[in-house]
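Before any comments, here is the structure.
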2 protein chains.
Amino acid sequence: MATSQRRRRVTITDVASHAQVSTTAVSKVIRNAYGVSPAMKDRVQAAIEELGYRPHAAARGMRGRTFTIGVLLPDLRSPFFAEILDGLTEQLGDTEYQAIMIQGGTTHKSERRAIDALADRQVDGILIVAPIAAKTRLEELARDIPTVVLARHERSAVYDTVFADDDAGAQLAVEHLIDLGHRRIAHIAHQDNARARPADLLHVIRAETYKRVMRDHGCGDEIAIATTSYSAEGGLEGARELLSRSPRPTAIFAGADQAAFGALAAVHEAGLSVPADISVIGYDNIRLAALPNIALTSIDQDGVVMGRAAGRLLLDRIEGRTSAVRFAVVPSLVVRRTTAPPSESGQGPASTSAPT
Amino acid sequence: MATSQRRRRVTITDVASHAQVSTTAVSKVIRNAYGVSPAMKDRVQAAIEELGYRPHAAARGMRGRTFTIGVLLPDLRSPFFAEILDGLTEQLGDTEYQAIMIQGGTTHKSERRAIDALADRQVDGILIVAPIAAKTRLEELARDIPTVVLARHERSAVYDTVFADDDAGAQLAVEHLIDLGHRRIAHIAHQDNARARPADLLHVIRAETYKRVMRDHGCGDEIAIATTSYSAEGGLEGARELLSRSPRPTAIFAGADQAAFGALAAVHEAGLSVPADISVIGYDNIRLAALPNIALTSIDQDGVVMGRAAGRLLLDRIEGRTSAVRFAVVPSLVVRRTTAPPSESGQGPASTSAPT
DNA sequence: ATCGAAATGAGTAACGTTTTACAACCGTGA
DNA sequence: TCACGGTTGTAAAACGTTACTCATTTCGAT
């Protein structure tokens, strides 16, 4: 018989009667609201301590705040999200607020369900990371709940945005390769079914900037893009396709490090070497990129700073700010050993014969 | 003036008055409880549809359920957790339950705070992944809230456990190396400040099994362990240390793929090659391990199945089951290209002279 | 002393649901 | 016709907290 009655939680009433005061007084102490004498405060806090009382979030949510920040992540697979969360957690640090996460998935339906779930749970604020929902839907949400959108560039009057300057970052990447002497630079892009204005999506910006910079340096004819996804599998597939083209590119700019890993694999698979035959540059500078055997050249953007900023903006909004803010982080180039000047011999040893 | 009054949410009362019935009736329809005629049901559902009503989770939490499953993850950096969550989400699928995640961190204090946060939010069930808390604390929690613990092996009367058979997995790994002819096999282990019985911790089991299998095959004298952490950085550091020993090991069994990546880096750094000079085997079979240029031999354990099982056990418990269950997944060996027979020449080319 | 304002505490009504209890209605069998 | 049991609906009381209102006390300035 594994019964063992589920214990009743200790409530504010228990504390009040134990401390011989009203529940109102206890509530005030908890929220350190105006109108409690030091004596009262001590007394109540002692009772709280003694009984191990913890306020019941659902009940609080009925009247006031839930002290909960909801974070919507598309998935848990990107190491970059972990950094954002670290920043957010740090910012929430000693406040009473707690971050909870929810997985949005890749379809509109699943993302919708996740957002609704957060709204149903009466979170005090929402951080939406790289959503695929349309701007109008996000604004609808933001009218009800303080909202910060991370990783999209749009300008909204009702929510704040936090993002890295992807235009600058992509320019750093492509110009780094051009400075090394490359001209046949290919790009691996990402495709999802986001309903945002394309120009507000970071992966579109990276791709567009790639094209612009190529043209600016007279390499407009060398533009070659494989559109797959920002993942290892996507990078592998995309790079395979790019490497099969003729003439073969001498460098690949992958829109994300994960994709760059896939690209490295494809290069290896083709019997070519990095950076002798092909240079590869990634984006995000995830930790694995720094391992000495990988040593991936990448674009660093400080996820922790972005997470911190998002947290602060959210807290401000909860406190009542209504004006909208855009917070941009500036990325930087981290040169490692996957990029080098192109080899003199136009095509490497493993070049397959041209078609037809 | 960015005012735009925050709209009042539509409540059960709104639905009731719109459908000209009592709130009780609406509540019954929502929960499809006993005592509603088909006519009533249709009528109410139409009203719900029309008004776009969604039940208010906090209010529900006051009397009944919150339809929320809390998931405590130590961090977001392990790709393995993503799989568990996929399995859980799949299992929760079309139920009304929603999974929310919270980051437990690496200290007892932060994990405690996270668990309390879930309890305060009145989740209906908790999935605790690889916790560091003591068993007694988990049992205390489990007496109040249906709980499933994932990745620890202990046997509890009040909560369920879901884990992979790490003993079998580690044995597969070590015997694979021994079958290839290796004898000087080193191990990279993980250390944290968990308060569990050591024998219940997966990383301890992997290490102990490594030692046992070594002894069973007469390699007891060759046992060499570097205790760092199951991360790329930990693997790098650990492998550096192991490679500096003399005689140098011919194979490394890393307790996790992430650590194996670090080990690969260290081997490369030392001017040695895999698998010619050193074989490396990981654990978890994360996606990156399958990339053709990495091709890491690893131990596969099905995280999705584990997540699904955890979800089902949780739902069962919420429905009233009180008996405890232990669910174990059996791992399998995935041979790729980082393991091979040891080279004949005892030490590779980069061997440093023996000390003294 | 007296007045008024400020400080302090308590009582009570919400908040949006679920649960319990019960009333009204129906058809059925005696 | 009556009593009865089952069905279908409603009213009202929780659940634990906060916000609002108001009464009492304290204290400084006159």
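Each chain gets a letter, A, B and so on, in the order its sequence line appears, and its residues count up from 1.
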Checklist line | Gap between atoms NE2 and P, on A:H56 and C:dT17 respectively (whole Å) | finding: 16 Å

Notebook entry, point to check: Rounded to the nearest 0.5 Å, what separation is found between the CD1 atom of B:I30 and the CD atom of B:Q45?
Noted result: 10.0 Å

Next item on the list: Please work out which residues in residues 17-36 of chain B have a non-hydrogen atom less than 4.0 Å from an atom of DNA chain D and list them by number.
Entry: B:V21, B:S22, B:T24, B:A25, B:K28, B:Y34, B:G35, B:V36

Notebook entry, point to check: Between A:R60 (CZ) and D:dA19 (P), how many Å, whole number?
Noted result: 10 Å

Item checked: Any side-chain heavy-atom pair of A:I69 and A:I318 under 4.5 Å -> yes

Margin query: Would A:S110 and A:T107 count as a side-chain hydrogen bond (donor to acceptor under 3.5 Å, both in side chains) here? Give the steps.
Written below: CA-CA 5 Å; A:S110 62; A:T107 70; 2.9 Å; yes

Next item on the list: Give the intermediate values and the outcome of side-chain hydrogen bond (donor to acceptor under 3.5 Å, both in side chains) for residues B:Q122 and B:T66.
Entry: CA-CA 7 Å; B:Q122 295 287 106; B:T66 59; over 6 Å; no

Note to self: Could you walk me through whether B:I102 and B:L118 satisfy the side-chain contact (heavy atoms from CB on, under 4.5 Å) test, starting with their C-alpha distance in whole Å, then the side-chain angles of each, then the deciding distance to 0.1 Å, before giving a yes or no?
What the structure shows: CA-CA 8 Å; B:I102 198 159; B:L118 289 177; 3.7 Å; yes

Next item on the list: Whole angstrom is fine here: how far is it from CZ in A:R9 over to C1' in D:dT17?
Entry: 12 Å

Item checked: Test item: B:R152 side-chain N/O and B:E154 main-chain N/O as donor-acceptor pair under 3.5 Å -> no

Next item on the list: Please list, chain by chain and in numerical order, all residues satisfying ring-ring contact (aromatic ring centres under 6.0 Å, His included) with A:H153, sequence neighbours excluded.
Entry: A:F163

Notebook entry, point to check: Whole-Å distance between D:dG16 C1' and A:Q122 CD?
Noted result: 15 Å

Next item on the list: Please determine, by modelled atom types, if A:Y97 and A:Q91 share a side-chain donor-acceptor pair under 3.5 angstrom.
Entry: no

Checklist line | Nearest-angstrom distance from the residue atom CD1 of A:I12 to P of D:dT17 | finding: 5 Å

Next item on the list: For DNA chain D, find the residues of residues 37-51 of chain B with a heavy-atom distance under 4.0 Å and give them by number; none if there aren't any.
Entry: B:S37, B:M40

Notebook entry, point to check: Separation of B:D120 atom CG from D:dT17 atom P, in whole Å?
Noted result: 10 Å

Margin query: Measure CZ/B:R121 against P/D:dT17 and give the value in whole Å, please.
Written below: 14 Å

Notebook entry, point to check: Does a donor on one side chain sit under 3.5 Å from an acceptor on the other, for B:T68 and A:R121?
Noted result: yes

Next item on the list: Look at the side-chain N and O atoms of A:R63 and state whether any lies under 4.0 Å from the OP1 or OP2 oxygen of D:dA19.
Entry: no

